[in-house]
Amino acid sequence: MPKAYDPHAMEAALYQMWLDKGYFKPRTVPDREPFCIIMPPPNVTGELHLGHALTATVEDTLIRWHRMLGDPTLWVPGVDHAGIATQNVVEKQLAKEGMSRHDLGREAFVERVWKWVGQIRNRIVLQHMRLGVSCDWDHEIFTLDDGPQRAVRETFVRLYNEGLIYKGKRIVNWCPRCMTAISDLEVEHEETQGHLWYVRYPLLDDADHPTNEYVTVATTRPETIVGDVAVAVNPDDQRWKSIIGRKALLPIIERHIPIVADDAVATDFGTGAVKVTPGHDPTDFDIGARHNLPIIVAMNTDATMNEEAGPYNGLDRFQTRELIVKDLDRLGLLDHVEDHTLSVGHCERCDTIVEPLVSEQWFVKTQPLAEPAIEVVRSGQIQIIPRSFERTYMHWMENIRDWCISRQLWWGHRIPVWYCGNGHVIASVDDPTQCATCGSNELAQDPDVLDTWFSSGLWPFSTLGWPEQTPDLNNWYPTSVLETGYDILFFWVARMIMLSLFDTGKIPFRHVYLHGLIRDAEGRKMTKSRGNVVDPLVITEKYGTDAVRFTLATSGTPGNDFRLFDEKLERSRNFANKLWNASRFVIQSMGGERVSLPNESLIDSADARRDWPLEDRWIVSRTQATAAEVNKLLTDFQLNAAGGVLYDFIWNEYCDWYLEMAKVRLKDSDKSPLPILAYVLQASLRLLHPIMPFVTETVWQHLRDNVEGLEEALIIADYPLGGETDAEADADVELLIDVVRAIRNIRAERQVDAGRFVEAYVVADTAREMLDAAAPLVEALARVRPFHVVATPADAPSDQVASAVLDKAQVILPLAGLIDLDAERARVQKQLDEAQAHVNRISGKLNNGDFRAKAPASVIAREEESLTAAQSRLAALQQRMSELG
RNA sequence: GGGCGAUUAGCUCAGUUGGUUAGAGCGUCUCGCUUACACCGAGAAGGUCGAAGGUUCGAGUCCUUCAUCGCCCACCA
C-alpha cells in the first residue's frame with residue numbers, strides 16, 4: 001500500500017467491479033421494507049454541476065446505507081429532454097449555420113435534436129459515474145421514452161376528461177425570443193429602474209367631441225397605449241367620480257374608450273386613473289373581463305408591433321416606447337415623467353423581457369389538484385426536510401394559480417389533442433384515425449408541446465411503468481425519498497405531489513429532502529457569467545471523489561446554502577488519507593499473518609468483554625455507540641452530523657488514542673491488539689462507506705487478504721447497528737486520557753524536552769487500580785517513567801513539582817530545575833479561579849429552592865455529582881496553593 | 001405588500017424535544033522524540049451565541065420588538 005492515498009489509482013476499477021458484479025441491482029429481501037429513490041433527471045444538454053453532485057452524494061449515501069442494512073434498494077437514474085433548453089441549444093447551432101428551425105421544418109428539426117441528444121446523452125451518465133453513484137443503470141430512463149410518453153398522454157387525457165385541463169384565450173407570459181408562452185414560475189422578476197409616464201387622455205362630450213378636460217393616467221409601458229380599451233378609476237375616488245361613464249379619446253389611435261369604475265384600481269398610486277389594456281396586462285385583463293371590454297393584442301409573437309399599433313406597425317416594442325413618448329409630448333399630452341422602480345419579468349431560460357399578452361393556450365386547473373396535495377403534507381404522510389419548507393409549500397399551494405402547460409415549441413411531448421375539419425376536439429392516448437363525433441378523418445394534431453415540468457411531474461411513477469401495473473410499480477411505489485434543491489420545490493416537487501395523487505391516488509414519496517444552494521467562497525451564487533462556477537469533475541480530479549462527497553455531505557444542513565472552497569476539500573482529502581494510513585498501519589502490523597476478528601458474542605456483550613484490556617473494552621464500546629449514533633442520524637437525514645461523528649471517531653478516538661495505545665501491546669505480543677484493531681477498522685469502513693465509498697472499499701479489499709470472514713465486497717457488507725456500550729470502560733479511559741493530557745500540558749508549558757522521560761505521580765482514590773494497570777499506556781503516551789500511582793498527595797513529592805488537579809485525580813510532576821515558582825503559582829491560581837467559579841455556579845443553582853423544587857430529579861442529581869467533583873478539585877488546588885506558599 | 005431564512009471563535013459552519021464549564025475544521029502561537037500518516041503529532045490562545053425586553057428554577061435554544069444581510073411569493077398601472 002502506497003504511503004499516501006491515491007484516489008485515481010482505484011476509483012475507476014472499483015466502480016467497474018461493482019458494476020460487473022451487479023451490486024447496483026435491486027435484491028429482493030423478504031420482510032424488509034423496500035427503499036427506492038428516483039433520481040431527479042438532469043437536462044440532457046447539461047453538464048453535471050455541483051447541485052447534481054450534491055444530489056448524487058446524498059442519494060447514494062442513503063442508497064448504500066439501506067443496501068448495507070439489507071433492504072431491497074432501487075435507485076432509478078434518468079435524463080430530462082428539457083424542452084426549451086434543448087431546443088435553444090440546437091437552434092443556436094442552426095443559427096451558426098445561418099438557419100432557423102423554420103428552414104428545416106418541424107420534422108427535420110426534431111430529427112436533428114434527436115441526433116444531438118444521441119451524441120451527448122451519455123455524457124451526463126459518465127459524469128455521474130465518476131461520483132460513484134450506485135444506481136441501477138438498467139433502469140435508466142429518458143422523459144421521451146415510450147413509457148413516460150404514454151404516461152404523459154394518459155395523464156393529459158384523464159385531466160382533460162375530468163375538466164381539469166382546458167384551452168382558453170388568457171393572458172400569459174410570452175417570451176418573444178423563445179416565441180412561446182411560459183408559466184408564471186418560469187418568469188424571473190427583477191427590480192429595474194424605469195419611468196412612470198403621465199399621459200393626458202382628452203375627455204369626450206356627449207356628442208363624442210373632444211373637450212378641454214383630460215383624465216391623466218400613469219403608465220410604465222407607454223407602447224401598450226395602442227391596446228387601451230378603457231380608463232378605470234376606483235368607484236370611491238372622489239376626484240374621478242364625476243367622469244365615470246364618460247368617454248375618453250385614446251391618443252394616437254383616436255379610439256373612443258369608456259371610463260369605468262373598478263375596485264382593482266388603487267387610489268394612492270399615480271393619478272388614481274389607470275389605462276386599461278386587457279391584451280397586455282394581467283390586472284387589466286381581469287378588469288376587461290368584468291366590464292366586457294374588447295381585447296386588443298397589439299404585438300406579434302416576436303414583440304414587434306402589429307397593425308393594431310397604427311403608425312408603429314412593424315416596430316420593436318422598445319423603439320415604439322421611445323417614439324410614442326415623443327409623439328405624445330409633441331401632441332402636448334405628456335403631462336410629466338417620473339423615475340420609477342418596477343419589477344420586470346424575464347424569461348428564465350434566455351433572460352429576455354417577458355411580454356404579458358393574451359393568447360390561446362392550454363391550462364391545468366390546479367386548485368382541485370392542490371387540495372389533496374396540501375392534505376398529504378399537513379397530515380405528515382409526506383414529510384419535507386427541513387420542516388420550515390412545509391410552510392412555503394402550503395403558502396404556494398393555497399394560493400396556486402392555473403398552470404399554463406402549452407409551449408409553442410417543437411421539442412417535447414406533443415399535446416395529445418386533435419381537431420377535425422368540423423371543429424371537433426379529440427383528446428386521445430392513442431393517435432386517432434377518425435373523429436369520434438362526426439367520423440371525419442381529416443384530423444390535425446395540436447401543434448404545441450407540453451411544459452417540460454408536466455412530464456417531470458409524473459416522474460416518480462412514469463419511470464416505474466405507470467399506467468401499467470408493473471412489478472416495479474408494485475414493488476417500489478410510493479418511493480422513499482425525493483432529494484432536490486429547494487429552488488425547484490414549486491416547479492417540480494409540488495407538481496409531482498399533485499399529479500401523483502391524481503393519477504395513482506398515492507403519494508409519490510414519503511420524504512422530500514431539500515438541499516441548499518452551493519455558493520462560492522465569497523457566498524456568491526455560482527453563475528457562468530460571473531465565471532465562479534466550480535466543476536465537480538475538476539475538484540474530483542484534484543481531491544478525489546470521496547473528498548468531494550464527504551465535503552458535500554458534511555458542509556451544510558438541509559435547506560441552507562453553504563459555501564464551497566478548497567480548505568474544506570483539503571480537510572476531506574486529509575480525512576481519507578488519515579483513514580488510509582491508519583489502515584496501512586494496521587495491515588502492516590499484521591505482517592502477513594491472517595487475523596480472526598473477535599467472536600461476535602463478545603463484541604455484543606459488555607459483560608463478556610470484562611476481562612479484556614481496558615483500551616480494547618473502551619474502543620469497542622465507542623464503536624458500538626458510534627454505530628448506533630450514525631444510524632440514528634442517517635434515519636433523521638442528518639448526513640452532516642453522521643459524517644462529523646465518523647470523522648471524530650475515526651480520527652480522534654481510533655487514530656489518536658486507540659492506535660497509539662495499541663502500539664504498546666504490539667511491541668510485546670503477550671496479548672495482541674490486532675483483532676481489535678482489525679475489528680474497529682472494518683467496522684469504521686462499513687460505517688463510512690456510504691459517504692466515502694472508494695477509499696473504504698479499497699482498504700476493505702486489502703484488509704480481506706489479512707482478516708478472516710469479511711464479505712467479498714464492502715458495498716454489500718452488513719451495516720453495523722451498534723450494540724452494548726461499556727460505561728465503566730468509557731469513564732476509565734476518559735480519566736486516563738485526562739491524565740495523559742495533563743502530563744503533556746505540563747511538559748509543554750515547562751518546556752520539557754519532547755524526547756525526555758520524566759517521573760510522574762498520580763494521586764487517585766477509586767481509580768488507583770485502573771491507573772496502575774494502565775501504567776504502560778501512560779508511560780508511552782505521556783513519555784513518563786517511572787509512573788507512580790499513589791493514594792494521597794502526601795505520598796508524592798511537593799517540592800519542585802508542577803501539578804494539575806483533575807476531578808478524580810491529581811497529576812504531580814517532579815521537575816527539579818524546571819520549576820519557576822511564580823509561574824507555577826500563576827498556573828495553579830488560574831485553575832483555582834476556574835474551579836472556584838465553577839463551584840459557585842453549581843452551588844448557587846443547588847441553593848436555589850425553586851431549582852430543587854422544579855427541576856427534574858436527574859438534573860439535580862447530576863448537578864450534585866458535579867458539585868462534589870468540583871469541590872474536591874477546589875480543595876486539592878487550595879492545598880497545592882498553600883504548599884507553594 | 002406578504003412569507004421565510006441567516007446573524008455563534010479571525011474565517012467557514014455545527015449545536016433537533018431549554019439542563020454539565022457552547023463545539024469542529026481552517027487560520028494563529030509554541031514544540032515535535034516516535035514501527036501509519038507533515039494530506040502528520042502534542043500543547044495553547046481565541047466566543048457577554050446581532051441588540052433590547054420577556055417567559056422559565058434554568059435560554060445559543062421558546063416569545064415580542066428592533067437592526068443588518070439574503071431568499072421566495074405577489075396583478076398596484
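- Residue A:Thr392 is out of contact with every strand shown, counting any heavy-atom pair closer than 4.0 Å.
- A:Asp656 comes within 4.0 angstrom of the backbone, heavy atoms only, and of no base.
- Counting non-hydrogen atoms under 4.0 angstrom, A:Lys830 reaches the backbone sugars and phosphates but no base.
- Side chain of A:Lys568, nearest nucleotide from B:rG43, B:rU21, B:rU12: B:rU12.
- A donor-acceptor contact under 3.5 angstrom links the side-chain atoms of A:Glu660 to the base of B:rA36.
- If you take CZ of A:Phe851 and P of B:rC57, they are 12 Å apart, rounded to a whole angstrom.
- Searching all strands for a Watson-Crick or G-U wobble partner of B:rC66 with both distances below 3.5 Å returns B:rG50.
- Inspection of the A:Asn640 and A:Thr554 side chains reveals no N or O donor paired with an N or O acceptor under 3.5 Å.
- Backbone-only engagement by A:Phe490 is indicated by non-hydrogen atom pairs under 4.0 Å involving sugar-phosphate atoms exclusively.
- A side-chain N or O of A:Lys275 and one of A:Thr224 form a donor-acceptor pair less than 3.5 Å apart.
- Salt-bridge formation is detected for the pair A:Asp281/A:Arg221: a Lys NZ or Arg NE/NH1/NH2 atom is positioned less than 4.0 Å from an Asp or Glu carboxylate oxygen.
- If you check B:rG70, B:rC75, B:rU21 against the side chain of A:Arg519, the one that comes closest is B:rG70.
- When heavy atoms are screened at a 4.0 angstrom cut-off, A:Glu570 is found touching no nucleic acid atom at all.
- One can place CZ of A:Arg524 at 15 Å from C1' of B:rG70, the figure rounded to the nearest angstrom.
- Contact annotation: A:Asn574 reaches the phosphate of B:rC40 (side-chain N/O to OP1 or OP2, under 4.0 Å).
- If you take atom C1' in B:rU61 and the same atom in B:rU56, they sit 13 Å apart, rounded to whole Å.
- Ion pair A:Glu734/A:Lys808 not flagged as a salt bridge, since none of the NZ, NE, NH1 or NH2 atoms sits closer than 4.0 Å to an Asp/Glu carboxylate oxygen.
- Rounded to a whole angstrom, the distance from the P atom of B:rG15 to that of B:rG23 is 15 Å.
- Residue A:Pro856 is classed as a base contact, given a heavy-atom separation below 4.0 Å to a base.
- Scanning atom types as modelled, one donor and one acceptor separated by under 3.5 angstrom connect the side chain of A:Lys578 and the base of B:rC37.
- A:Ser589 has no side-chain polar atom (N or O) that falls below the 4.0 Å cut-off from OP1 or OP2 of B:rA36.
- A:Phe565 comes within contact range of the sugar-phosphate backbone alone, with a heavy-atom separation under 4.0 Å but no base atom that close.
- Whole-Å rounding puts the A:Asn652 CG to B:rA42 C1' distance at 13 Å.
- Phosphate contact (OP1/OP2 of B:rG41, side-chain N/O of A:Trp651, threshold under 4.0 Å): present.
- Atom C1' of B:rG3 sits at a distance of 46 Å from the matching atom of B:rC39, rounded to the whole Å.
- A salt bridge does not link A:Glu570 to A:Lys542: none of the charged side-chain nitrogens sits closer than 4.0 Å to a carboxylate oxygen.
- Contact annotation: A:Asn560 side-chain N/O to B:rC13 OP1/OP2 distance is not under 4.0 Å.
- Base pairing annotation: B:rA42 forms a Watson-Crick or G-U wobble pair with B:rU30, both donor-acceptor distances under 3.5 Å.
- Of the nucleotides present, B:rG3 is the one that pairs with B:rC71 by Watson-Crick or G-U wobble criteria, both distances under 3.5 Å.
- Applying the side-chain contact (heavy atoms from CB on, under 4.5 Å) test between A:Tyr5 and each of A:Asp546, A:Asn574, A:Val699 identifies A:Asp546 as the sole match.
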* Could you give me the CA-CA distance, side-chain angles and deciding distance for A:Leu681 and A:Leu579, then say whether side-chain contact (heavy atoms from CB on, under 4.5 Å) is met? => CA-CA 9 Å; A:Leu681 177 57; A:Leu579 176 64; 4.2 Å; yes
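- Atom CG in A:Asp561 sits about 9 Å away from atom C1' in B:rG5, given to the nearest Å.
- Between the C1' atom of B:rA42 and the CZ atom of A:Arg750 lies a distance of 17 Å, rounded to the nearest Å.
- Side-chain proximity of A:Lys3 to B:rA38, B:rG43, B:rG19: nearest is B:rA38.
- OP1 or OP2 of B:rC13 sits under 4.0 Å from a side-chain N or O of A:Arg563.
- Of the candidates A:Thr271, A:Thr216, A:Asp335, A:Arg200 forms a side chain to side chain donor-acceptor pair (under 3.5 Å) with just one, namely A:Asp335.
- Salt bridge status for A:Asp636 with A:Lys632: present, with a side-chain N to carboxylate O gap under 4.0 Å.
- With C1' as the reference atom, B:rA67 and B:rG50 are 8 Å apart, rounded to whole Å.
- Between B:rC49 and B:rA9, the distance separating the two C1' atoms is 10 Å to the nearest Å.
- A sub-4.0 Å separation between OP1 or OP2 of B:rC4 and a side-chain N or O of A:Arg391 is present.
- Considering only the side chain of A:Ala266, B:rC76 comes nearest among B:rC76, B:rU20, B:rU35.
- Checking B:rC11 for Watson-Crick or G-U wobble geometry (two distances, each under 3.5 Å) identifies B:rG25 as its partner.
- Considering only the side chain of A:Lys845, B:rU21 comes nearest among B:rG15, B:rU21, B:rG43.
- Nucleotides B:rG27 and B:rC69, compared at atom C1', are 25 Å apart to the nearest Å.
- Between B:rC13 and B:rA74, the two P atoms lie 29 Å apart (nearest whole Å).
- Rounded to a whole angstrom, the distance from the P atom of B:rU7 to that of B:rG60 is 15 Å.
- Taking only side-chain nitrogens and oxygens, A:Arg741 comes nearer than 4.0 Å to OP1 or OP2 of B:rG43.
- At a threshold of 4.0 angstrom between heavy atoms, the contacts of A:Arg387 with the nucleic acid are absent.
- Heavy atoms of A:Val217 sit nowhere under 4.0 angstrom from any nucleic acid atom.
- Between A:Leu846 atom CG and B:rU20 atom P there is a gap of 14 Å when expressed in whole angstrom units.
- Within the nucleic acid shown, A:Ile587 has no heavy atom closer than 4.0 Å to any nucleic acid atom.
- Nucleic acid contact class of A:Ser583 (heavy atoms, under 4.0 Å, all strands): none.
- The A:Arg573 side chain lies nearest to B:rC39 when the options are B:rC37, B:rC39, B:rU21.
- Atom CG in A:Asp520 sits about 17 Å away from atom P in B:rC11, given to the nearest Å.
- Under a 4.0 Å N-O distance rule, the pair A:Glu660/A:Lys663 qualifies as a salt bridge.
- Pairing for B:rG58 is absent, with no Watson-Crick or G-U wobble pair whose two atom distances lie under 3.5 Å.
- A donor-acceptor contact under 3.5 Å links the side chain of A:Lys663 to the base of B:rA36.
- Candidate nucleotides B:rC37, B:rC57, B:rC33 were compared by shortest atom distance to the side chain of A:Asn848, and B:rC57 ranks first.
- In this model, a side-chain donor or acceptor of A:Arg783 finds a partner on the base of B:rC33 within 3.5 Å.
- We find that CG of A:Leu489 is positioned 10 Å from C1' of B:rC72, with the value rounded to whole Å.
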